[in-house]
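In each ligand, atom 1 is the first atom listed, and ligand 1 is the first ligand listed. Residue numbers run from 1 in the order of the sequence given.
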Amino acid sequence: MAADPRVIELMSYYRDAELHGANLLMRLLKLIDDPDAQIKLSLHLAEETHHAWLWTKRISDLGATPVRVMDGYQTRIGFRTVPRSLTELLALTIVVEERAFSRYLEHAARPNVDEETLKILSEVTKDEKWHISWVKAKLDELVEKEGSQDRIREAMQRYREIDEHVYADLAAKERAAFGDELEAPVQTS
Ligand SMILES: [Fe+2]
Ligand SMILES: [Fe+2]
């Protein structure tokens, strides 16, 4: 049976977001002069590229190839904001990681998700949780050091607003493609 092209496109968007996430980490690796962060970023980067591979492999196992994504989540975010400092870049990383985390959880709660896809969703979600927590801790440390609490709080607020807009557009696009197949099952007990 041929793979559902809508599913392949959705997984291609996940793959694209993971690859762009890896790109953001490459920028951080160049900017951050901190041995502890260098170690954590290296593992973090390895995990994001692994996530991109898991989605690529899933697409391939379904007998398809990744679709080229020109208007993915991070591209849309990039049109709306450009972080100007290390701490702003870390703040944006937290916002996009939180989005990936909640997005994958939401997908896992849908009806009729196949076993293999569920396995990937559970593996990536576990990693995203760690990503959020270490980057948050590092950001707090740096913000404390430079006394930039207010500026970063405002930046974070701005990034969250941008994320909400971008995600709403992507979710609408997805709803148009899948209709009510996206509804979570009603709990009866
Ligand atoms: Fe990821
Ligand atoms: Fe992540």
Side-chain angles (χ1 to χ4, degrees), residues 7-32 34 36-62 66-78 80-83 86-110 113-143 152 155-156 159-160 162-164 166-167 170-171 174:
V7 171
I8 298 304
E9 188 176 14
L10 178 61
M11 289 180 179
S12 298
Y13 270 83
Y14 290 167
R15 174 181 183 270
D16 176 76
E18 297 291 356
L19 288 172
H20 276 86
N23 202 32
L24 191 61
L25 298 174
M26 293 289 273
R27 285 177 63 196
L28 282 169
L29 273 165
K30 283 182 205 149
L31 278 175
I32 205 161
D34 170 339
D36 171 63
Q38 285 288 327
I39 291 172
K40 289 180 172 127
L41 272 172
S42 302
L43 174 59
H44 190 158
L45 177 63
E47 289 178 350
E48 300 301 15
T49 53
H50 181 60
H51 296 172
W53 166 241
L54 289 175
W55 290 121
T56 309
K57 182 173 183 305
R58 185 76 195 113
I59 291 167
S60 170
D61 288 348
L62 287 166
V67 175
R68 190 152 183 225
V69 174
M70 305 295 283
D71 62 343
Y73 171 79
Q74 306 233 14
T75 306
R76 288 167 184 247
I77 297 264
R80 290 168 181 251
T81 187
V82 180
L86 173 59
T87 41
E88 285 185 8
L89 212 50
L90 288 168
L92 180 62
T93 304
I94 292 167
V95 172
V96 307
E97 291 284 353
E98 285 177 344
R99 174 57 68 193
F101 179 70
S102 64
R103 170 66 232 220
Y104 287 145
L105 277 184
E106 186 256 322
H107 187 155
R110 289 178 191 173
V113 183
D114 64 86
E115 262 322 291
E116 284 308 305
T117 302
L118 267 183
K119 248 192 252 166
I120 298 176
L121 287 167
S122 126
E123 182 174 347
V124 294
T125 306
K126 176 174 61 63
D127 292 341
E128 304 305 359
K129 207 169 174 182
W130 174 72
H131 299 166
I132 296 165
S133 78
W134 93 259
V135 178
K136 259 190 182 154
K138 186 56 69 183
L139 179 62
D140 285 351
E141 187 188 311
L142 293 178
V143 160
I152 294 304
M156 193 80 121
Y159 299 149
R160 287 200 201 286
I162 291 169
D163 159 77
E164 302 258 326
V166 164
Y167 189 66
L170 284 170
E174 202 181 344

inquiry  = Under a 4.0 Å threshold between the charged nitrogen and the carboxylate oxygen, would Asp36 count as salt-bridged to Lys138?
reply    = yes

inquiry  = Do the side chains of Lys57 and Asp61 get close enough for a salt bridge, i.e. N-O under 4.0 angstrom?
reply    = yes

task = Give every protein N, O or S atom lying under 2.8 Å from the Fe ion (ligand 1), naming each by residue and atom.
result = Glu18 OE1, Glu18 OE2, Glu48 OE1, His51 ND1, Glu128 OE2

message = Using a strict threshold of under 4.0 Å (side-chain N to carboxylate O), is an ion pair present between Arg76 and Glu164?
response = no

Pair His107-Tyr14, ring-ring contact (aromatic ring centres under 6.0 Å, His included): steps then yes or no = CA-CA 11 Å; His107 187 155; Tyr14 290 167; 5.7 Å; yes

request  = Using the salt bridge (Lys or Arg N to Asp or Glu O under 4.0 Å) rule, take Lys40 and Glu47 through it: C-alpha gap first, then chi angles, then the decisive distance, then the call.
outcome  = CA-CA 11 Å; Lys40 289 180 172 127; Glu47 289 178 350; over 6 Å; no

query = Side chains of His50 and Glu18: do they bring a donor and an acceptor to under 3.5 Å?
reply = no

